[in-house]
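Since the structure comes first, as structure tokens, the remarks are kept for the end.
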Amino acid sequence: MTTVLVPRDPGLFAAQGALVSPLRIDRSRVAPRGATAMARARDVLERDVRRRLETEGATHVRVTAEVDARYAGQAFEVTVPFARWRERFDEVHEQRFGFRTPGRDVECVRIRVRGEGREAGSGHRSRRAPAVRRFTTKRIRRDSQGRGVVQRDDLGAGARVHGPLRIDELTGTTYVPDGWTAEVLGDRTLRLRRRS
């Protein structure tokens, strides 16, 4: 590996993703026999998914339904959209497994319903980066073993430091080994590169 990218606030990266990703609920049940019973089961699952998402405060809810189906006697299923599932099954089966068997009985094993929506007030809010003075090597201090340490907020866009060095910030620590350089990109991402 010769290049490593470290996002701003690396210790919060996963949590930030969870905050801006849509709310999602998946429900499923064993499929009953008969088209009418299947449609009823799908409707119950869809109502439940919508209710749960609305309880969580979701807006712009989108619900999709699918079925897991297989040729009678098979031990594995393929997932196809609920609407016209039987018509689509042979085609999807052939795409996945390379063959179809028209006329063979098909079993619907499971009905799946997935709902997604946005939480009210969610969305990406970029944190304003603190004002940064022009970086100078005077901002690098030494720890008790004499290794360089700098605060990430002291590194403005375009700043470049050489390892061995530790870059500290509130949510993480980045170690720049000897023979590597860290450069701050315009979006405040750190790009570490091995020097040749």
Side-chain angles (χ1 to χ4, degrees), residues 1-127 171-175 185 187 189-194:
M1 185 180 304
T2 59
T3 303
V4 177
L5 297 176
V6 182
R8 184 158 182 79
D9 295 320
L12 299 177
F13 200 61
Q16 288 171 337
L19 286 173
V20 299
S21 64
L23 293 172
R24 178 173 152 178
I25 294 180
D26 291 287
R27 298 271 291 138
S28 67
R29 65 161 289 181
V30 174
R33 292 188 181 274
T36 303
M38 283 180 58
R40 241 183 280 140
R42 179 208 53 208
D43 291 345
V44 168
L45 289 173
E46 285 184 353
R47 280 194 301 272
D48 182 49
V49 165
R50 284 184 188 283
R51 182 185 52 77
R52 288 173 180 233
L53 284 168
E54 288 165 2
T55 299
E56 293 290 327
T59 60
H60 302 95
V61 173
R62 187 172 58 97
V63 177
T64 56
E66 300 172 317
V67 299
D68 294 342
R70 64 186 178 201
Y71 286 121
Q74 282 184 322
F76 49 87
E77 297 87 35
V78 294
T79 303
V80 294
F82 188 91
R84 298 187 352 262
W85 70 269
R86 179 56 190 96
E87 297 168 30
R88 297 178 178 187
F89 173 78
D90 289 318
E91 179 184 338
V92 173
H93 190 280
E94 184 173 31
Q95 288 171 354
R96 171 95 36 92
F97 300 110
F99 71 95
R100 67 171 70 195
T101 313
R104 185 171 172 187
D105 287 342
V106 176
E107 303 171 328
C108 181
V109 178
R110 187 176 301 102
I111 299 173
R112 299 177 180 275
V113 172
R114 170 179 297 139
E116 289 186 354
R118 288 271 171 209
E119 192 172 8
S122 72
H124 181 67
R125 293 185 184 94
S126 58
R127 184 173 75 117
T171 66
T173 300
T174 303
Y175 178 68
L185 304 179
D187 65 355
T189 297
L190 284 175
R191 180 173 59 199
L192 280 64
R193 284 186 168 163
R194 186 192 310 264

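These numbers come from the heavy atoms of this one structure, side chains and all, not from hydrogens, waters or symmetry mates. Just so it is clear, the model here is predicted, and its values are computed rather than measured.
For the pair M38 and F82, the minimum side-chain heavy-atom distance is below 4.5 Å. Side-chain atoms of V109 and V30, non-hydrogen and from C-beta on, never get closer than 4.5 Å to each other. By the 4.5 Å heavy-atom criterion applied to side chains, P10 and T171 are counted as neighbours. Contact annotation: the side chain of R27 approaches that of R52 to within less than 4.5 Å [non-hydrogen atoms, C-beta and beyond]. Residues L190 and L185 have side chains not in contact (no heavy-atom distance under 4.5 Å, counting atoms from C-beta outward). Between T2 and R193, the closest side-chain pair of non-hydrogen atoms is not below 4.5 Å. Taking 4.5 Å as the limit, some side-chain heavy atom of W85 sits within range of a side-chain heavy atom of V106. In this structure, the side chains of I111 and P32 come closer than 4.5 Å at one or more pairs of heavy atoms.
Dense packing is recorded around CZ of R104, with more than 12 heavy atoms of other residues, nucleotides or ligands lying under 6.0 Å away. Counted within 6.0 Å of OH on Y175, heavy atoms from surrounding residues, nucleotides or ligands total more than 12; the atom is thus considered enclosed.
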>> Before you tell me yes or no, could you show the steps for V63 and R114 under side chain to side chain contact (heavy atoms under 4.5 Å, CB included), namely the whole-Å CA-CA distance, both residues' side-chain angles and the distance that decides it to 0.1 Å?
In response: CA-CA 6 Å; V63 177; R114 170 179 297 139; over 6 Å; no
>> Test side chain to side chain contact (heavy atoms under 4.5 Å, CB included) on R86 and D90; report intermediate values, then the result.
In response: CA-CA 8 Å; R86 179 56 190 96; D90 289 318; 3.2 Å; yes
> Could you go step by step and tell me if V113 and D26 meet the side chain to side chain contact (heavy atoms under 4.5 Å, CB included) rule?
Replying inline: CA-CA 6 Å; V113 172; D26 291 287; over 6 Å; no
> Should V67 and V80 be marked as a side chain to side chain contact (heavy atoms under 4.5 Å, CB included) after you check the CA-CA gap, both sets of side-chain angles, and the distance that decides it?
Replying inline: CA-CA 6 Å; V67 299; V80 294; 3.5 Å; yes
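Minimum interatomic distance between R118 and S21 (heavy atoms only, all atoms of both residues): NH1-C, 3.6 Å. Across all non-hydrogen atoms, the minimal contact from L23 to L53 is CB-CD2, 3.9 Å. Closest approach of A72 to E107, counting heavy atoms only: CA-CD, 3.8 Å. Closest approach of E66 to T79, counting heavy atoms only: OE1-CG2, 3.5 Å.
Using a cutoff of 4.0 Å between basic side-chain nitrogens and carboxylate oxygens, D48 and R50 are not scored as salt-bridged. Salt bridge annotation for D68-R112: present, with a cationic side-chain nitrogen under 4.0 angstrom from a carboxylate oxygen.
Using modelled atom types, no side-chain atom of R70 and backbone atom of A75 make a donor-acceptor pair closer than 3.5 Å. Y71 contributes no side-chain N or O that, together with a main-chain N or O of D105, makes up a donor-acceptor pair within less than 3.5 Å. A donor-acceptor pair is defined here as one N or O able to donate and one able to accept, closer than 3.5 Å; no such pair exists between the side chain of T189 and the backbone of P7.
Put simply, CZ on R100 and CD on E91 are 6.5 Å apart, with the number rounded to the nearest 0.5 Å. In this structure, CE in M1 is found 9.0 Å from CZ in R194, a value given to the nearest 0.5 Å.
A side-chain N or O of H93 and one of Q74 form a donor-acceptor pair less than 3.5 Å apart.
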